> 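My questions all concern the structure below.
These numbers were taken from a predicted model, which means no experiment stands behind them. Labels below follow one simple rule: chain letters A, B, ... track the order of the sequence lines, proteins then strands, and each chain is numbered from 1.
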Amino acid sequence: MTPALLVEGLAYAYPDGTQALYGVDLRIEPGERVAVLGPNGAGKTTMVMHLNGVLRAGAGRIAVAGLPVEKANLKEIRRRVGVVFQDPDDQLFMPTVGEDVAFGPANFGVTGTALTAAIETALDAVGMAHLRDKSPLHLSFGQRRRVAVATVLACDPEILVLDEPSANLEPIARRELAEVLLSLNRTMLMVTHDLPYALQLCPRSILIDGGVIVADGPTEKILADTDLLAQHRLELPYGFRIDH
Amino acid sequence: MGAGHSHLLYRAGDSPVHRIAPHVKIVAALAMVLCVVATPRSEFGAFAAYLIVLIAVWSVAGVPLRWFAARAVIEIPFVVLAVLLPFVGGGRRTDFLGLPVSVEGSLAGWNILVKGTLGVLVSLTMAATTSQRDLLAGLQRLRVPSLFVTIATLMMRYVEVIVEEARRMRIARISRGHDPRFLWQFGATARGIGTLFIRSYERGERVHIAMLSRGWSGVLPDVNQTRPAPGVWVAGLVPAAAFAVTLAVSLWM
């Protein structure tokens, strides 16, 4: 079967010469939910920026559902890879929620009743349909995060990429978002520092440090390996322990 | 923007004036302001007629007079000069309430005052009956370059985000005992403004990446795809036509 995401030998150095990625290999099958763990500066966000072609790889190749990430395919790649950014205020830039959700599909050529349907389906999926005509300014942080997910869902992506989805959420909003994400039944790649969240949502985790993948396996097994976590500046929050 | 929130200039409603297509209103308001500016300053009757037309529009729109009166205060700094002109103007002088005033200066002051006020009232009328969102859609329909419409759209969305950020930074400053009272103590505030600029710039970059990630190609999609019927122009331009007729009559007489 064609993998939802295939990354082979991805390397990247920033224009100032700082090497961020040293050869990343990753294969994600359709329907998988994978957490990307790692300390600050490990290269997690840099890798995400490559998946939809915002950053261009120095070496290696990436394919999304079989389509290589290349300049000629960028538009379709960006439809296939739905990135939900960490700060919803960066993602929601249109005057109303409905227009923001429409932004993606309209750019990808969806119009008329199909566009209206895409907006409704996406907002329904995150339980935010009643806020369609509101300004993002007047929503709570948790609501904005969910609308940000809807803006990406409306493009019907092959893979949903979330950058720190639980950051700054109050506990209830954090749980509700988890329920929404689990209900979507989508291939998902989730960058997070919130290890219990990774355990709840993603059966598989990869651990990135120093620009390479240092561990790849069942989330439960990786989080139970206290020594491995400690080597890479990660630890479970106070009071958490995973028996394996 | 969002429903159910109060706005400074926009007064939500469903009057015939509110329902006029926004691009028609923009064109009409522009035409009305041009008529006012083109009217000779001594045509007092024409200015009275303009005001009557505006009051008629307000009554159709269901917006009370005091709504406009309160908001027209914004022009005060600009008309201070107009009030001074009768006293500092040269030429023939006449007595007004026992004060010697310049005739030429009085007319010049009147000219600024009446045209400024009518211009502000026309703009306020449009703002009171057209939401910001519709104004942008109107500009888009009038083929204003998409870059300008995009910039205006993003400005509308982010001005409150940035004001909020500035407020948080100010609270953080005064929480550490910053209490500027004199001009030379504003250094920290000035550096704060610099920081805010850099933060806003970085936010701009992040927003741009977020837009690219959803297929942005340089033009905001026109989500309101309803095309107005040709009839909307007729209804919308009635007040502007009244202004034009008044101007024509005053020039001809």
> At a 4.5 Å cut-off on heavy atoms, which part of A:I77 comes close to chain B: side chain, backbone, both, or neither?
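Contact with chain B: none, neither part.
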> Which one wins on heavy-atom pair count under 4.5 Å against chain B: A:D89, A:D87, A:V83, A:V152?
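That would be A:D89.
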> For chain B, find which of A:V81, A:L92, A:L74, A:V84 contributes the most heavy-atom pairs closer than 4.5 angstrom.
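Top option by heavy-atom pairs under 4.5 Å: A:L92.
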> Could you look at A:F93 and say if it's the side chain, the backbone, both or neither that has a heavy atom under 4.5 Å from chain B?
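Both the backbone and the side chain of A:F93 come within 4.5 Å of chain B.
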> May I ask you to check whether over 12 heavy atoms, not counting those of B:R168, lie within 6.0 Å of atom CZ?
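Yes, because the 6.0 Å sphere around CZ of B:R168 holds more than 12 heavy atoms from other groups.
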> Check whether A:T151 gets within reach of chain B through its side chain, its backbone, both or neither, counting any heavy atom under 4.5 Å.
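Contact with chain B: backbone and side chain both.
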> Is it true that atom CZ of A:R56 has more than 12 heavy atoms of other residues, nucleotides or ligands lying nearer than 6.0 Å?
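Yes, because the 6.0 Å sphere around CZ of A:R56 holds more than 12 heavy atoms from other groups.
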> Are more than 12 heavy atoms, taken from residues, nucleotides or ligands other than A:Y14, located less than 6.0 Å from that residue's OH atom?
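Yes, the 6.0 Å shell around OH holds more than 12 heavy atoms from other groups.
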> Checking heavy atoms, do the side chain of A:N52, its backbone, both or neither come under 4.5 Å from chain B?
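The answer is the side chain of A:N52.
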> Would you mind reporting whether A:P136 and B:R157 have side-chain heavy atoms less than 4.5 Å apart?
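Result yes, sub-4.5 Å side-chain heavy-atom pair found.
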> Mind checking the CG-CZ spacing from A:D133 to B:R133? Nearest 0.5 Å is all I need.
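Result: 11.5 Å between the selected atoms.
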> Using heavy-atom distances under 4.5 Å, tell me whether A:D163 contacts chain B through its side chain, its backbone, both, or neither.
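Neither the backbone nor the side chain of A:D163 comes within 4.5 Å of chain B.
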> Count the heavy atoms of every other residue, nucleotide or ligand shown that sit under 6.0 Å from CD1 of B:I74, and state whether that count exceeds 12.
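Counting neighbours around CD1 of B:I74, 12 or fewer heavy atoms of other residues, nucleotides or ligands fall under 6.0 Å, so no.
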> Taking CD1 in A:I172 as the centre, count heavy atoms belonging to other residues, nucleotides or ligands within less than 6.0 Å. Is the count above 12?
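12 or below, so no.
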> For the CG atom of A:D90 and the OH atom of B:Y158, what is their distance to the nearest 0.5 Å?
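If I round to the nearest 0.5 Å, the distance is 6.0 Å.
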> Going by residue number, which parts of residues 197-215 of chain B are within reach of chain A, meaning a heavy-atom gap below 4.5 Å?
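When heavy atoms of chain A are the reference, residues 197-215 of chain B contributes B:R203, B:R206, B:V207, B:I209, B:A210, B:M211, B:L212, B:S213, B:R214, B:G215 within the under-4.5 Å range.
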> Any side-chain heavy atom of B:E160 within less than 4.5 Å of one from A:S135?
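No, every pair of side-chain atoms sits at 4.5 Å or beyond.
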